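Here the structure is laid out as structure tokens; the discussion comes afterwards.
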Protein chains: 2
Amino acid sequence: MRCENCNPVFDEKTKDQQRGQMVLGEIAQPAKKQDNQQEIIEAAAHCFMRHGLEKATMTDIADHLGATKGRVYHHFRSKNAVFFAVYRQAMVFCFEAVEPLMAQDLPAADRLFRMAEAHAHVMMDTLPYQRSIRIGVEIYLRGSTTEADRTVLRELIEMRNRYEHLFREVLAEGQADGSLSVTDVPLAGRALIGALNGLVDWFRIRPDQPQSERDHIARTLSATILDGLRS
Amino acid sequence: MRCENCNPVFDEKTKDQQRGQMVLGEIAQPAKKQDNQQEIIEAAAHCFMRHGLEKATMTDIADHLGATKGRVYHHFRSKNAVFFAVYRQAMVFCFEAVEPLMAQDLPAADRLFRMAEAHAHVMMDTLPYQRSIRIGVEIYLRGSTTEADRTVLRELIEMRNRYEHLFREVLAEGQADGSLSVTDVPLAGRALIGALNGLVDWFRIRPDQPQSERDHIARTLSATILDGLRS
DNA sequence: TAAAACATACTACCGGGTATGATGTTTCGG
DNA sequence: CCGAAACATCATACCCGGTAGTATGTTTTA
């Protein structure tokens, strides 16, 4: 039987779990179901990263789990739903890493630096997720047949906008407290995000990669965009 | 009849036309054929941008030309071949705009600034091409069944590497002449390219958009990455 | 007039989605 | 405490729409 009232977390917006505020451990049962879904999501992220959104088939995802399509379709209505779940998870990772840093009692320039560092780390640490969502967004929006899909996508895109707005906020604060010299806040934000998101394109995970390398990348990248290249 | 010895420019690597050094106007015949192909390539770029690589069907491309699949398949062996052509064209645009600027007799920092500006302009002016190729690259490489396809893709990727190397060259020169302060040249190059390529993600073409807006974007973006955000 | 440049009609196949069955696992009345 | 219904979780088998590619016919051009 199709699990109709399966945890609808990733199918529709649930107000009480915005950005991972999830109250876990209430019961053992839903937690396990959550884990099963999460496992699928992770497999999907890997497949999306390797083969792209369309080339990655549902069977691929299932194979990656040592399972069949039946399992995936039991937890997700459609392939789009799976992608949406990956997308939301990627954004949750970003928010959890960056948003707390905004409250620090520092000059805006220093806060921005730490936020940039954190964002870079998230890009590298959750690479499969971030690569997946970078591909098709408004593309998917055009392709989405059902209105429900488009609604979910709009919500996700708005989530992304909220996230990028965090950086613009700090940029504006830096303009105010004088620690930053920004003429065009939106454009500066685009430049910052662009330089960091570029990681998703060129960064490659190697098994023997020490943590220090990622630290160096995050630090150098953030320093470059903050201090510039000119001497 | 299938045009077997159709201008194989976009099917296989031809040594004599590296980076748009094409000697045009030799005969009238190939020039016209070239134009026909170019028209298809442009239509494909538009469709790839709108619907994504896979969702864009060959019929879509043909429809965009007011033609049918027959025309496309007469000039290109496969859908992959069309994508490869779009890819190469995109890179040619980049080379033509940026490479000449390297010879200018200026401090490296200033040359880099102009190169960045030029690159930004290319991103905006040839948006459909640039968006198309940003999607599937090594993704396509994995998906490519035939060895011939993979060979072409490797060549294209190497073309891209050569292009990005231009910026690293200037960065190294700036390190030498003291106009730039760069500790990690490759990383600095990634940051620069990333910030500029981000354009492809967020820039939207509007019909009433004055040229001055693109100029402002290119200038501000380049200035931001060169001079940094900190005051 | 022959070849190039298309259009038309058709096939083969892949992949998303579904219907159904098999196997645990929880729940609950007695 | 027990046994069966209800349910959750997956596997299997199948359908079917869409699309890349082909084979062939038709028109245009040099």
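Here is the naming used below: chain letters follow the sequence lines, and residue numbers restart at 1 for every chain. All values reported here derive from a predicted model rather than from experimental measurement.
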Pairwise N/O distances under 3.5 Å, protein to nucleotides 15-18 of chain C:
from: dG16(C); atom 1: OP1; to: K79(A); atom 2: NZ; distance (Å): 2.9
from: dG16(C); atom 1: OP2; to: T57(A); atom 2: OG1; distance (Å): 2.6
from: dG16(C); atom 1: OP2; to: M58(A); atom 2: N; distance (Å): 3.1
from: dG16(C); atom 1: N7; to: K69(A); atom 2: NZ; distance (Å): 3.3
from: dG17(C); atom 1: OP2; to: Y73(A); atom 2: OH; distance (Å): 3.1
from: dG17(C); atom 1: OP2; to: K79(A); atom 2: N; distance (Å): 3.0
from: dG17(C); atom 1: N7; to: K69(A); atom 2: NZ; distance (Å): 2.9
from: dG17(C); atom 1: O6; to: K69(A); atom 2: NZ; distance (Å): 2.3

Measuring from T151(B):OG1 to L156(B):CG, what's the distance to the nearest 0.5 Å?
11.0 Å
Atom pair distance, as rounded to whole Å: [atom1] in [X] and [atom2] in [N]:
X	N	atom1	atom2	value
H74(A)	dT12(D)	NE2	P	16 Å
D149(B)	dG21(D)	CG	C1'	14 Å
R71(B)	dT24(D)	CZ	C1'	20 Å
H75(B)	dA4(C)	NE2	C1'	9 Å
F76(B)	dT22(D)	CZ	P	16 Å

Under a 4.0 Å threshold between the charged nitrogen and the carboxylate oxygen, would R114(B) count as salt-bridged to E117(B)?
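Between R114(B) and E117(B) there is no salt bridge, as every charged N stays at least 4.0 Å from the carboxylate O atoms.
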Do E158(B) and R154(B) sit within salt-bridge range, that is, some charged N less than 4.0 Å from a carboxylate O?
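Answer for the salt bridge query: no.
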Regarding E42(B) and Q89(B), do their side chains bring together a donor and an acceptor under 3.5 Å, going by distance alone?
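The criterion, which ignores hydrogens and geometry beyond distance, is not satisfied for Q89(B) and E42(B).
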Report the relative orientation of the aromatic rings in F167(A) and H119(A); use parallel for angles under 30°, tilted for 30 to 60°, perpendicular for over 60°.
perpendicular
Between the main-chain N or O of L53(A) and the side-chain N or O of K79(A), is there a donor-acceptor pair closer than 3.5 Å?
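Yes, K79(A) side chain to L53(A) backbone: donor-acceptor pair under 3.5 Å.
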